[in-house]
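Report on the structure given below.
To find a chain, count down the sequence lines: A is the first, B the second, and so on, and within it residues start at 1. All figures in this text were calculated on a predicted structure; none of them were measured in a lab.
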Protein chains: 2
Amino acid sequence: MSKSEVVELRVLEEGGVVPCCPPITAGELSQADAEKMAAMFKALSDPVRLRLFSKVASHPGGEACVCDIADVGVSQPTVSHHLKKLREAGLLTSERRGTWVYYQVAPSVVAAMAAMLDLRG
Amino acid sequence: MSKSEVVELRVLEEGGVVPCCPPITAGELSQADAEKMAAMFKALSDPVRLRLFSKVASHPGGEACVCDIADVGVSQPTVSHHLKKLREAGLLTSERRGTWVYYQVAPSVVAAMAAMLDLRG
DNA sequence: TCCTTGCTTCGACGTCTGTCGATACAACGG
DNA sequence: CCGTTGTATCGACAGACGTCGAAGCAAGGA
């Protein structure tokens, strides 16, 4: 990474899904699209984050309390750090309910990835 | 990353496609699967690499000479460095023909990504 | 009001990464 | 041969990243 700017991935706009980027095989990516896609892939480029994401995604109801998914082999502050990264990338959303914080997969995230990979069928 | 091991992504075996990992939403990822998938996403987590990959993928014939794709805003050694990373991740293959080196998208890479995202049609 | 539990933030640390210029290597043409 | 052009490797450096323990904040119970 040469820049330290935060590139936020917009896969959701109010009212519906907005594809974040053109398919990766459809032509040369613009600088801006490349940065958006890279931010998304980067968020998934760590084994711990991937496991956290898949734990949330596969949890009944599509959401999970931090305490349900925290057992991924690193300390609790590190789990929190990775969940924050996933939040910032727009892949997860979080909500406090009483004592616990619940994480959900942001809607249409997987569909947005599918669009990038040109798998709209 | 805490470890420095090289995790090689095997999307191709002799004779056919072998899905690298289970779908990301199908259940909790094993440590090993998470590392393989992370390696693939990591290779695509840089804007320069993403642009190089898309240039190769969208080039007529599915392959491109380095000289055709090298204009991505960084120096020639840096381009070479990124192409090497994409090769090591199993996303691109390369072949020297005379003076020039041609890069191709490794077959079934995109399909392997689709399997991860559970988009099997 | 205190203590306990769940989660986040802070500060520090070693390691990995992207970048470059310089240099080396490969293939070809004179 | 030697020079030229295309590509890869080397060595160095600044910045980003993953990790941890310590400390902070939020919510609820005694």
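Applying the salt bridge (charged side-chain N to carboxylate O under 4.0 Å, His left out) test to every pair with at least one member in residues 53-62 of chain A, sequence neighbours left out, gives these pairs: A:K55-B:E28.
Taking atom CG of B:L52 as the reference point, atom C1' of D:dT7 lies 14 Å away to the nearest angstrom. When rounded to the nearest whole Å, the span between CD of B:E88 and P of C:dT17 equals 10 Å. Here the P atom of nucleotide C:dG6 and the CG atom of A:D68 are 11 Å apart, to the nearest Å. Rounded to an integer number of Å, the gap from B:L83 CG to D:dG6 C1' is 13 Å. B:D46 places its CG atom 11 Å from the P atom of C:dT17, with the value rounded to the nearest Å. Protein atom OH of A:Y102 is 15 Å distant from nucleotide atom C1' of D:dA26, rounded to whole Å. If you measure from atom CD of A:E95 to atom C1' of D:dA26, you get 16 Å, rounded to the nearest angstrom.
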Check your understanding: Quick one: what's the B/S/- string for nucleotides 22-30 of chain C, heavy-atom cutoff under 4.0 Å, read 5' to 3'?
Key -> B----SS--

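For A:K85 and D:dG18, the shortest distance from a side-chain N or O to OP1 or OP2 is below 4.0 Å. Contact annotation: A:Y103 reaches the phosphate of C:dT8 (side-chain N/O to OP1 or OP2, under 4.0 Å). In this structure, B:S75 does not reach the C:dT19 phosphate: none of its side-chain N or O atoms is under 4.0 Å from OP1 or OP2. For A:K42, no side-chain nitrogen or oxygen approaches OP1 or OP2 of D:dA16 to under 4.0 Å.
Residues satisfying the salt bridge (charged side-chain N to carboxylate O under 4.0 Å, His left out) criterion with A:K85, sequence neighbours excluded, are absent altogether.
Closest to the side chain of A:C65, out of C:dC7, D:dT7, C:dT19, is C:dC7. In the set D:dG21, D:dA16, C:dT19, C:dT19 carries the atom at the smallest distance from any side-chain atom of B:H81.
A residue-by-residue look at B:T78 and A:S94 shows that A:S94 has its nearest nucleotide of DNA chain C further toward the 5' end.
When all heavy atoms of B:I69 and B:L83 are compared, the pair lying nearest together is CD1-CD2, 4.2 Å. Contact between A:A43 and A:A89 at its shortest, heavy atoms only, is CB-CB, 3.5 Å.
The one candidate from A:V72, A:L44, A:L86 that meets the side chain to side chain contact (heavy atoms under 4.5 Å, CB included) condition with A:L50 is A:L44.
Contact check on B:R51 versus A:E35 returns no salt bridge, with no Lys/Arg side-chain nitrogen under 4.0 Å from an Asp/Glu carboxylate oxygen.
The OH atom of A:Y102 sits 9.5 Å away from the CD atom of A:E95 when rounded to the nearest 0.5 Å.
The residue B:H82 sits close only to the backbone: its heavy atoms come under 4.0 Å of sugar-phosphate atoms, none of a base.
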